[in-house]
Asker: 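So that we are looking at the same thing, I have put the structure below in C-alpha cells.
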Amino acid sequence: MAQVSITLPDGSKKEAEAGISIADFVKNHIGPGLAKAAVFARINGQDVDLSRTLDADASLQIFTSKNPEALEVARHDAAHIVADAVQQLFPGTQVTIGPVIEEGFYYDFYRLKDGKPSPFTPEELEQIEKRANEIVARDVPFKRTEVLAADAVKLFEGKGEKFKVEIVNDIVAKGAKTLTLYAHGDWIDFCLGPHGPSTGKIGVIKLLSSSGAYWRADQTREQLQRIYGISFFDKKGLEAWQKVREEAAKRDHRRLGRELDLFHFHPVAPGSAFWTPRGTVLYQALSDWMRRLTREDGYVEIKTPLIFNKQLWMKSGHWDKYQDNMFLVKDSDSGELDFGVKPMNCPSHHIYFGFGKHSYRDLPMRLHTQDVLHRNEAAGALGGLTRVRQFAQDDAHIYCREDQISDEVFRFVKLLDRVYNAVGLKYEAKLSTRPANKLGDDALWDRAEGALKNCLETMKVAYEVKPGDGAFYGPKIDFVVSDSIGRKWQLGTMQLDYIAAERFDLSYVGDDNKEHRPVVLHRAIFGSFERFIAILIEHFAGNFPLWLSPVQATIVTIADRQVDHARKLQQELARRGFRVEFDDRGLSMQKKIRDLEISKMPYVLVIGDREVEANGAAPRRHGGEDLKTMSIDAIAELFGKESRIPDGSA
RNA sequence: GCCGAAAUAGCUCAGGGGCAGAGCAACUGAUUCGUAAUCAGUAGGUCCCCGGUUCAAUCCCGGGUUUCGGCUCCA
C-alpha cells in the first residue's frame with residue numbers, strides 16, 4: 001500500500017496509507033476526540049468533506065464546532081434539512097437555493113396552492129422547525145457523489161424540480177461536465193459542499209421568519225417563499241445569540257426615539273419625521289457641528305430652491321432616470337406636472353456654479369448645503385429614520401481642476417476621519433472602479449482611480465475594491481462604519497464626476513486664458529442627518545455624550561423647600577449654555593432618580609439642604625456615580641469639559 | 001410597487017358577536033423623603049379608516065391607510 005505524507009497545521013507530518021478517508025485518518029493518526037468533533041476539513045486550502053480520501057501528500061486542517069467556519073458549514077447543512085422538512089410536510093413544493101448568510105441561512109421554495117404562490121404560515125413554520133430538528137436528532141449521514149451533468153438534469157427532471165434543472169443547465173453552459181450531489185437519507189440536493197458528516201452535528205435549528213422573494217431576484221419571474229433560519233451547535237449558542245438580538249432590539253432607534261421622546265411619525269406624512277424639541281436639539285447639534293467643520297475646511301454654505309421646473313430635471317437626467325422617485329408638482333398655468341421637488345442637491349449646485357465666470361484661481365469651489373430633500377421611496381422600502389422620504393444631507397459638491405482632485409480627496413477623507421472618530425465609529429472603504437459603460441478614456445480613469453486609491457493607502461484606510469461598480473461618469477469611494485455592537489452601515493461617499501460639468505456647460509478660465517471644464521466631486525459624511533441620527537442612537541444605545549444629549553442634566557430636589565434654589569440653579573446653568581431641566585413632579589426623589597436613570601439622563605443634580613447651603617448641587621452620573629456636593633462653578637466647569645465636541649483628529 | 005404579518009388608552013400589551021381591560025405614564029390630594037418605584041384617588045377610547053353581513057361588529061367578510069419583516073432600490 002502506498003503511503004502519503006500529511007502535514008498538519010502545526011507543521012508536523014504523519015504518514016498514512018493512501019486512499020484513507022479523512023475521518024479515518026483523524027481517528028487513527030491524530031485522535032478519536034478530534035475525529036468526533038470534526039465537521040469538515042481543508043486540504044491544500046480547499047474545503048472538503050471528512051469522507052474524502054487522502055490520495056497524495058497534502059496539508060490538512062480539521063475544523064470543529066469551535067471554528068466559525070464550521071458553523072457556516074453546519075448552517076448550510078441546516079438549510080438542506082429545512083428543505084427536506086418542507087418537502088416532507090408539503091409534497092409538491094419545489095426547492096431552489098438555500099445559501100448561508102451573515103446571520104444564519106435561508107431557503108427559497110416554490111410552493112403553489114390552488115395554482116397560486118402560497119406563503120408559509122407561522123404555524124407551518126413551527127411544524128417545519130420541529131420536523132427539521134427531528135431530522136437533526138436522527139443523525140443521518142451526508143453522502144457526497146459526483147455525477148455527470150446530464151444525469152443530474154435527468155434526476156431533477158424526474159423529481160419535477162424545474163429550478164434545479166435551470167441551475168444545472170446554467171452550470172453546464174459554463175462548461176461543467178460533472179457536478180456534486182449531497183444526500184442525507186432520501187433527500188438529495190445539488191450542491192458544491194462541503195457538508196458536515198451527519199445531520200446530528202448541526203445542533204439546533206431555529207426558524208426566524210418567512211417572506212416573499214423572486215426567483216433570481218427578478219420581479220418578472222416566479223414568486224418564491226423564503227424561509228429564514230439559523231442554527232447553533234448547542235442550545236447555549238442559540239441562547240447567547242438571542243440575548244444579543246434582544247440587546248439590538250433594545251437599541252432600536254424607533255423604540256428609543258419614542259422612549260427618549262425624539263421624533264414621531266404620522267400616517268399623514270409616511271416616511272417623514274416630526275422632530276420633538278429634544279430630537280430637534282440633537283438634529284441641530286449635528287447640523288451646527290457639520291456647518292462649523294465644513295466652514296473651517298474651506299467650504300461655503302448656500303441655500304437653493306426646493307422646487308425646480310422640468311427643464312432642470314431634463315438637463316440633469318433625473319426626468320428620465322429618477323422621475324419615479326420624485327414628487328412632481330402641478331404647474332397651475334399649464335395644468336401639467338411640470339415641476340419637481342428636489343431629491344438631490346447636485347443640479348442646483350451646478351446651476352449655482354454657472355452664475356458668473358470663474359477663474360482657475362477660484363477653484364476649488366466647495367459648496368455645502370443642508371437643504372431638505374424629498375424622495376418618493378417605494379412604500380415598502382420605508383423604515384424608521386433609516387429610510388425616509390424627507391431628509392437632509394450634509395451634502396457638498398467640490399468643483400476643481402483635475403490636478404486638484406488628489407488634494408481634495410485627501411482633504412475630504414481627513415475630515416470624514418475626524419467626524420467618525422469623534423463619535424467613535426470605526427470605518428472601512430469600498431472603492432468602485434470603472435464600469436463597462438464608462439465615459440472618458442482609460443488614461444482619465446487611471447488618474448481618477450489612482451488618486452482615490454493613493455489617498456486610501458496613504459491614510460491607511462482599510463478598503464476593498466469593487467471592480468466595475470463605479471458610475472459611468474466616475475469612480476467612487478463608499479465608507480462603511482461599524483457601530484458599537486459591530487453592525488455595519490454605509491454612510492459617507494466621495495464620488496468623482498466627469499460628466500456633470502459637460503451637461504451643465506460649466507467652465508472656468510484657466511491660466512492659459514481658455515475655458516476648461518471643472519471636475520465635480522460629490523461628497524457626504526453623515527449621508528443623511530436622519531440616517532446618521534438613527535445610527536448614533538443605536539451606536540450609543542441612547543446614552544449620548546453630553547454634547548449631543550438633548551437634555552444634559554435634570555434637577556431633583558429632596559424637599560419642596562429647595563425649589564427656589566433649584567430654579568435659580570436651572571437658570572444659571574441655562575445662562576451658561578447648558579440644557580438643564582427641573583423635575584418638579586410631586587414624587588419622591590428616589591422615584592425621580594429612577595425615572596431619569598431609565599430615560600438615560602446624563603446627570604441628575606440632587607439638591608437638599610446641604611446643596612442650598614453650598615450654593616450648588618450634588619451631580620449623579622447616569623449609572624449611579626455620586627459626585628457629592630459641588631458649587632455651581634464646579635458643575636459648570638465639569639459640564640463644560642464634558643460637552644466639548646471631541647476633535648477626532650488622530 | 002410586490003409577498004406576508006400587525007394595528008385596542010400617551011407607552012407596553014390582554015381580551016373578545018351583546019356596558020372596553022391591566023400595568024406604567026398623566027392629573028388631583030396627602031406625604032417632604034439624601035441617590036433606581038410613598039400612599040390614596042381621578043381622568044383617559046371613533047378598539048386605524050370606509051363599506052358589508054347581523055337584532056347587535058372592536059371582534060366575521062371586502063376594500064383602503066399606516067407600521068413591521070422580507071423582495072427591489074438606495075443615503
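Quick note: numbers below take in every heavy atom, side chains included, and nothing from hydrogens, waters or symmetry partners. Each chain gets a letter, A, B and so on, in the order its sequence line appears, and its residues count up from 1.
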Asker: Between the base of G70(B) and the side chain of Q225(A), is there any donor-acceptor pair under 3.5 Å?
Answerer: no
Asker: Of D595(A) and G623(A), whose nearest nucleotide on RNA chain B comes first from the 5' end?
Answerer: D595(A)
Asker: Given C74(B), is OP1 or OP2 found less than 4.0 Å from the side-chain N or O atoms of R387(A)?
Answerer: no
Asker: Please tell me if the side chains of T493(A) and R523(A) come closer than 4.5 Å, counting only heavy atoms from C-beta onward.
Answerer: no
Asker: By the 4.0 Å heavy-atom rule, please label D609(A) as base, sugar-phosphate, or nothing.
Answerer: base
Asker: Would you say the rings of H350(A) and Y399(A) are close, in the sense that their centroids are separated by under 6.0 Å?
Answerer: yes
Asker: How far does the C1' atom of A26(B) sit from the matching atom of G64(B), given to the nearest Å?
Answerer: 34 Å
Asker: What I want to find out is whether E581(A) reaches R278(A) closely enough, with some N-O distance under 4.0 Å, to be called a salt bridge.
Answerer: yes
Asker: Can you check the distance between A6(B) and A43(B), where both ends of the measurement are the C1' atom (answer in whole Å)?
Answerer: 29 Å
Asker: Within 45° of the axis and under 6.0 Å from the centre of the six-membered ring of F90(A), does NZ or CZ of R111(A) qualify?
Answerer: yes
Asker: What is the glycosidic conformation of C39(B): syn, defined as within 90° of 0, or anti?
Answerer: anti
Asker: Only Watson-Crick and G-U wobble pairs with both distances less than 3.5 Å should count. Give RNA chain B in dot-bracket notation, marking inter-strand partners with |.
Answerer: (((((((..((((....[..)))).(((((.......))))).....(((((..]....))))))))))))....
Asker: With a 4.0 Å cutoff (strictly under), does any side-chain N or O of R258(A) reach OP1 or OP2 of U12(B)?
Answerer: yes
Asker: Side chain of S528(A) only, please: which of A36(B), A75(B), G1(B) is the nearest?
Answerer: A75(B)
Asker: Taking for each residue the nucleotide of RNA chain B bearing the nearest heavy atom, is the 5' side occupied by R620(A) or by E377(A)?
Answerer: R620(A)
Asker: When you get a sec, tell me which of U66(B), C71(B), G1(B) is the closest nucleotide to the side chain of P270(A)?
Answerer: U66(B)
Asker: Just wondering, more than 12 heavy atoms not from K600(A) lying within 6.0 Å of its NZ?
Answerer: yes
Asker: Phosphate oxygens OP1/OP2 of U28(B): is one of them under 4.0 Å from a side-chain N or O of R585(A)?
Answerer: no
Asker: Just do the ring-ring contact (aromatic ring centres under 6.0 Å, His included) check on F109(A) and Y107(A) with the steps written out, would you?
Answerer: CA-CA 7 Å; F109(A) 299 94; Y107(A) 209 114; 5.0 Å; yes
Asker: Identify whether any heavy atom of G624(A) sits under 4.0 Å from a base atom; if not, whether one sits that close to sugar-phosphate; answer base, sugar-phosphate or nothing.
Answerer: nothing
